[in-house]
Amino acid sequence: MDQLETMTCSRCGGSGHFSYNQIHGTRCYGCNGTGKKYTKRGAAAAKFLSDLRSIPAEQFKVGDLILYQGISHSKFVRITSVEVSRAKDQGCYSGDGEYQQVKIQCEGGYGAYYRPGNLVRKGCGAEMKSEQLRQALAFQATLTKNGTPRKRAT
Ligand SMILES: [Zn+2]
């Protein structure tokens with residue numbers, strides 16, 4: 001198998017369409033209109049791959065690509081500054097009234113605040129991506145159909 005394991009979406013039977021609603025039109029939300037879904041094993045491997053491609057916010061450097069997740073679209077943008085600072089609690093967090101934040105600014109006016117330790121997707125080259133996929137596929141191969149690690153034969 002050379003890709004993450006998928007199966008036909010049972011909600012729409014693989015057509016990608018389902019009954020009309022105002023938000024999604026006829027796009028099936030079981031599969032996001034693709035007609036396919038990850039199997040449990042494929043989903044576990046996809047999570048593994050996503051973690052592999054993510055690093056804590058504070059480890060990003062100027063020049064890295066970071067995934068900006070907007071409301072309607074997401075895309076990779078190049079970082080122009082990374083700043084770790086302490087901020088006053090605005091009532092969102094409990095504790096000593098201050099917390100650390102990572103402010104990342106990017107080309108094109110994109111920017112966001114993260115908590116240290118937050119995992120964020122990092123952009124990388126095609127070679128790195130295929131190596132990461134290879135690792136995810138190797139991981140997938142160790143899982144049972146239910147997406148749990150296979151018991152090691154003794
Ligand atoms: Zn579907």
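In each ligand, atom 1 is the first atom listed, and ligand 1 is the first ligand listed. Heavy atoms only: backbone and side chains are in, while hydrogens, waters and symmetry mates are out.
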Query raised in the report: Are Glu58 and Tyr114 close enough, and set up right, to give a side-chain contact (heavy atoms from CB on, under 4.5 Å), and what steps lead you there?
Result: CA-CA 8 Å; Glu58 69 275 19; Tyr114 303 89; over 6 Å; no
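- Here the side chains of Thr39 and Lys145 are not in contact, with every heavy-atom distance at 4.5 Å or above.
- The local environment of OH in Tyr38 is sparse, with at most 12 non-hydrogen atoms from other residues, nucleotides or ligands closer than 6.0 Å.
- The closest donor-acceptor contact from the side chain of Gln132 to the backbone of Arg53 lies at 3.5 Å or more, if one exists at all.
- Listed for the Arg150 side chain is a donor-acceptor partner under 3.5 Å among the backbone atoms of Leu143.
- Aromatic ring orientation, His73 versus Tyr110: perpendicular (interplanar angle above 60°, classes split at 30° and 60°).
- For the Zn ion (ligand 1), the count of nearby protein N/O/S atoms, taking only those under 2.8 Å, is 4.
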